[in-house]
Enquirer: 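Just dropping this structure here.
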Amino acid sequence: MELTRRNWFLSFAVLTQIVFWLVTFFLVYYVSVVNYQPHDAVTRFLLIAACHLTNFYVCYSFLVPRYYEKGHRLAAFAGLLMLLIVLTPLRNLIEHHFIASSLDFRDRFFNGRNRRGTVLFSELFIAAVASLLRLAVSNEEKQTKMAALENLHLQTELRFLKAQMNPHFLFNTINNIYSLTLLKSDKASTALMKLSGLLRYMLYESSGKVTLQQEMEALRAYVELFQLRFEQKLAIEIIYEVNQAVEMESLLLIPLLENALKHSGIGVQPATVFMKLSMPEKNRLVISVNNTKANPPVLQDAGGIGLVNIQKRLQLVYPLKHTLIIDENDRSFSITLSILIA
């Protein structure tokens, strides 16, 4: 979007120059044709146009970017003064040279003080337009670069937050698969494929937005791999009432479920974990997660994503487009996340 905006502004700046020169050249040519003989009119037009072009692009391409924008204001104004000292007498000399062929009332206008004032004003006007346009273009380029750097920073932070998946889950899953291979269980190859697919999704396929179907498949794989750690069937229930083609930010479902599994103590203590995805409105996704609380509470560790991480990611990818409600009591913990996804 920022690149499109920058391209639009640069195109607008080029168009502004084209319009400016068309109007300027028309006025110079009109004054020349009305006041002078045809041959003199063309010669005068070319000479005045050359002066204006020199004035404009010395300011636009040299004085403003090289001196004024780098803080050398005095040098920039000195350069402009020198430019006017050269161009103004030259313009006066050109106008004086062609006065002999002009009409009487034009002679009076271009003679003496009036002529010098008109010439100085026109050159100052050209320099001012060039400088202001260059400052506008430079400011837009600076804003675009700042936006790009900010976006890069946000993307880097987002990738870092995504990378903080619980290492204990990965290590435990690998150990479980290893145990299955020692037992020569048929489940080992299936589990290994699920882990490979989940890691591939997390590392390579979860950049930006994905469909709800992709997120749900990753979530199911996560639950099945988590189940490997325990012999008994875990009380984990996930209900989907959504349009699976809808897109959302990747890797949001697994952290929410991971948080519930960790703090429920499921598999170690009798516990239940319930997760529901619904779309009460066409463009609003609601994720509800409820779990019983472990007793005694599960101690925090360095691994895992956690609610703080989830909240940071939501602020980055869904600013002002989400609500996160946490409801906690002695026996249960629930999260309701509502996201405006369109």
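A quick note: this is a predicted structure, and the numbers were derived from the prediction, not measured.
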Enquirer: Side-chain heavy atoms under 4.5 Å apart, restricted to Ile/Leu/Val/Met/Phe/Trp/Tyr: what other residues fall into the cluster of Ile85, or is it alone?
Expert: Leu81
Enquirer: Please list all pairs passing the salt bridge (Lys or Arg N to Asp or Glu O under 4.0 Å) test where one or both residues lie in residues 73-91, with sequence neighbours left out.
Expert: Arg91-Glu95, Arg91-Glu123
Enquirer: What's in the same ILVMFWY side-chain cluster as Tyr68, cut-off under 4.5 Å, chained through other members?
Expert: Val64, Phe77, Leu135
Enquirer: Please name all residues satisfying side-chain hydrogen bond (donor to acceptor under 3.5 Å, both in side chains) with Gln244, sequence neighbours left out, ordered by chain then number.
Expert: none
Enquirer: Applying salt bridge (Lys or Arg N to Asp or Glu O under 4.0 Å) as the test, list every pair that has at least one member in residues 178-191; sequence neighbours left out.
Expert: none
Enquirer: When you group the ILVMFWY residues by side-chain heavy-atom contacts below 4.5 Å and let the links chain together, are Leu314 and Ile326 in the same group?
Expert: yes
Enquirer: Residues in side-chain contact (heavy atoms from CB on, under 4.5 Å) with Thr88, at least two apart?
Expert: Leu84, Asn92, Val119, Leu120
Enquirer: Which residue pairs satisfy the salt bridge (Lys or Arg N to Asp or Glu O under 4.0 Å) criterion with at least one member in residues 56-70, sequence neighbours excluded?
Expert: none
Enquirer: Counting only heavy atoms not in Tyr57 (residues, nucleotides, ligands), do more than 12 fall under 6.0 Å from its OH?
Expert: yes
Enquirer: Please give the remaining members of the hydrophobic cluster of Leu74, linking ILVMFWY side chains under 4.5 Å, ordered by chain and number.
Expert: none
Enquirer: With sequence neighbours excluded, what pairs up with Val246 under the side-chain contact (heavy atoms from CB on, under 4.5 Å) test?
Expert: Leu212, Asn243, Met279, Ile341
Enquirer: Are Phe62 and Leu124 connected into the same hydrophobic cluster when the rule is that any two of I, L, V, M, F, W, Y join if their side-chain heavy atoms are below 4.5 Å apart?
Expert: yes
Enquirer: Output a table of donor-acceptor pairs, distance under 3.5 Å, between side-chain atoms of residues 329-340 and any protein atom two or more places apart or on a different chain; print 'none' if there are none.
Expert:
from	atom 1	to	atom 2	distance (Å)
Asn329	OD1	Arg331	N	2.8
Asn329	OD1	Ser332	N	2.7
Asn329	OD1	Ser332	OG	3.2
Asn329	ND2	Ser332	OG	3.3
Ser334	OG	Asp327	O	3.3
Ser338	OG	Arg284	NH1	2.9

Enquirer: Please check this pair: side chain of Tyr67 against backbone of Gly79, looking for a donor-acceptor N/O pair closer than 3.5 Å.
Expert: no
Enquirer: Over 60° means perpendicular and under 30° means parallel, so tell me whether Phe230 and Phe226 are parallel, tilted or perpendicular.
Expert: tilted
Enquirer: Please check: side-chain N/O of Ser264 versus main-chain N/O of Leu261, any donor-acceptor pairing under 3.5 Å?
Expert: yes
Enquirer: Suppose we screen for side-chain contact (heavy atoms from CB on, under 4.5 Å). Which residues come up paired with Tyr178, at least two apart in sequence or across chains?
Expert: Thr181, Leu182
Enquirer: Would you check if the side chain of Gln227 reaches a backbone N or O of Leu234 as a donor-acceptor pair within less than 3.5 Å?
Expert: yes
Enquirer: Using the ring of each side chain (for Trp, its six-membered ring), is Phe25 parallel, tilted or perpendicular to Phe45, with breaks at 30° and 60°?
Expert: perpendicular
Enquirer: side-chain contact (heavy atoms from CB on, under 4.5 Å) with Val210: which residues, sequence neighbours excluded?
Expert: Tyr201, Gln214, Glu215, Ser250
